[in-house]
Amino acid sequence: MNSTTGLSGKSVIVTGAGSGIGRTAALLFAAQGARVVLADINAEGTEATAEAIAVAGGTAVTAIGDLSDQEVVDRVVTTAVDACGGIDVLVNNAGIMDRMSAVADIGDEEWERVLRVNLTAPFLLTRAALPHLLATGDGAIVFTASEASLRGSAAGAAYTASKHGIAGLTKSLAVTYRDQGVRTNAIAPGGTTTSITAGLDIESHGVGVLGKYMVNVGRRATTDEQAAAIVFLASAAASNINGVILPVDNGWSAV
Ligand code: NAD
C-alpha cells in the first residue's frame, strides 16, 4: 500500500485519535510514513495511541482538549504546523452518540452538545486548517459521517441531524475547493465495535423508538475496516474521488 498512498512524510491530523476508529486510523497513517497529530479530549487514550505509534517506529504528537472549543482547535492547527510543517490531510473523526432519542425526548442540552461536537467542532477545525490544506495544493479532508448520514433509522434525531450535516458539509467543501487542490470525502460507517455507546442508556430510548426500523443492518465492522477506508480516501489512490459519502456498512445502505 505504501507505494500508492503517497502519504509518506505527509502531515495528518486525526481527531478522536484516543479511541476506536480514530486510533486505528492514526496507526495506519503512521504505518504509511505520515506524521500524525492526535487530537482528542481523552488524554490517557491519546497518549496510549502515541505510544503505540512510537513503538511501531512511527511519528506522532498529541493535542489534547475539547474540539468544540476554538482555543483547542487553534492549538491543534498550531501543533500540526510547528511539529509537522503544515497540514496535508485532515481527518474529522471525533464524535459522540446521542441516547437514540426521538425529537420529543431530546432536551436542549443533549441537542446542543451533540450538534456542537459532531458538526460545529469539525466545521471549526476545517475552517482553521483550510489555509494550510490549500497551501499544499494537494490536500485531503476525510470526515467520519455515519449510516445516520444516509437514513433516519440508525440513531436518534440529534445524532442523525448532526451526521446529515456532515454529509452536507462534505459535499459543500468538495465542490467549493475542487479546483484549488483540496478533496473532501466521508466514510459512513455502519455499526462498528468501539466504545462510543459506553455509559449511555440507549436501551430505553433507541430500542424502543427505532427497534422495528433497525433491520438488515449487517454484521458489525472492525475499526480496521473503517480506518482502511479513511486512509484510502486520503491517499493518492483516491486522487479523483471528491464529494463521496462512502458507506462502510456491509451493505446496510444497499438494502
Ligand atoms: P469512540 O468513542 O471509540 O471514539 C471517539 C473519540 O472521539 C473518543 O476518543 C473521544 O474521546 C473523542 N471525542 C469525543 N468528543 C470529543 C471532543 N469534544 N473533543 C475531542 N475529542 C472528542 O467511538 P468511534 O466509534 O471510534 O467514533 C468515531 C467516529 O465514528 C464518530 O464520529 C462516530 O460518530 C462515528 N461512527 C461510529 C459508529 C460506530 O458504530 N462505532 C458508526 C457510525 C459512525
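Atoms within each ligand, like the ligands themselves, are counted from 1 in listed order.
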Sorted by chain and residue number, the residues with a non-hydrogen atom under 4.0 Å of ligand 1 are Gly16, Gly18, Ser19, Gly20, Ile21, Asp40, Ile41, Asn42, Gly65, Asp66, Leu67, Asn93, Ala94, Gly95, Ile96, Arg113, Val117, Thr144, Ala145, Ser146, Tyr159, Lys163, Pro189, Gly190, Gly191, Thr192, Thr194, Ser195, Ile196
Taking a hydrophobic cluster as the set of Ile, Leu, Val, Met, Phe, Trp and Tyr residues connected by side-chain heavy atoms closer than 4.5 Å, whether directly or through intermediates, do Leu90 and Leu27 fall within one such cluster? no
Go through the side-chain N and O atoms of Asn92 and Thr126 and say whether any donor and acceptor fall under 3.5 Å apart. yes
Taking atom types as modelled and ignoring hydrogens, do the side chains of Arg35 and Ser11 form a donor-acceptor contact shorter than 3.5 angstrom? no
We want to know whether Asp66 and Ser68 form a side-chain donor-acceptor pair, criterion being a heavy-atom distance below 3.5 angstrom. yes
Please name all residues satisfying salt bridge (charged side-chain N to carboxylate O under 4.0 Å, His left out) with Arg75, sequence neighbours left out, ordered by chain then number. Glu71
Do side-chain atoms of Asp88 reach the backbone of Lys10 as a donor and acceptor pair under 3.5 angstrom? no
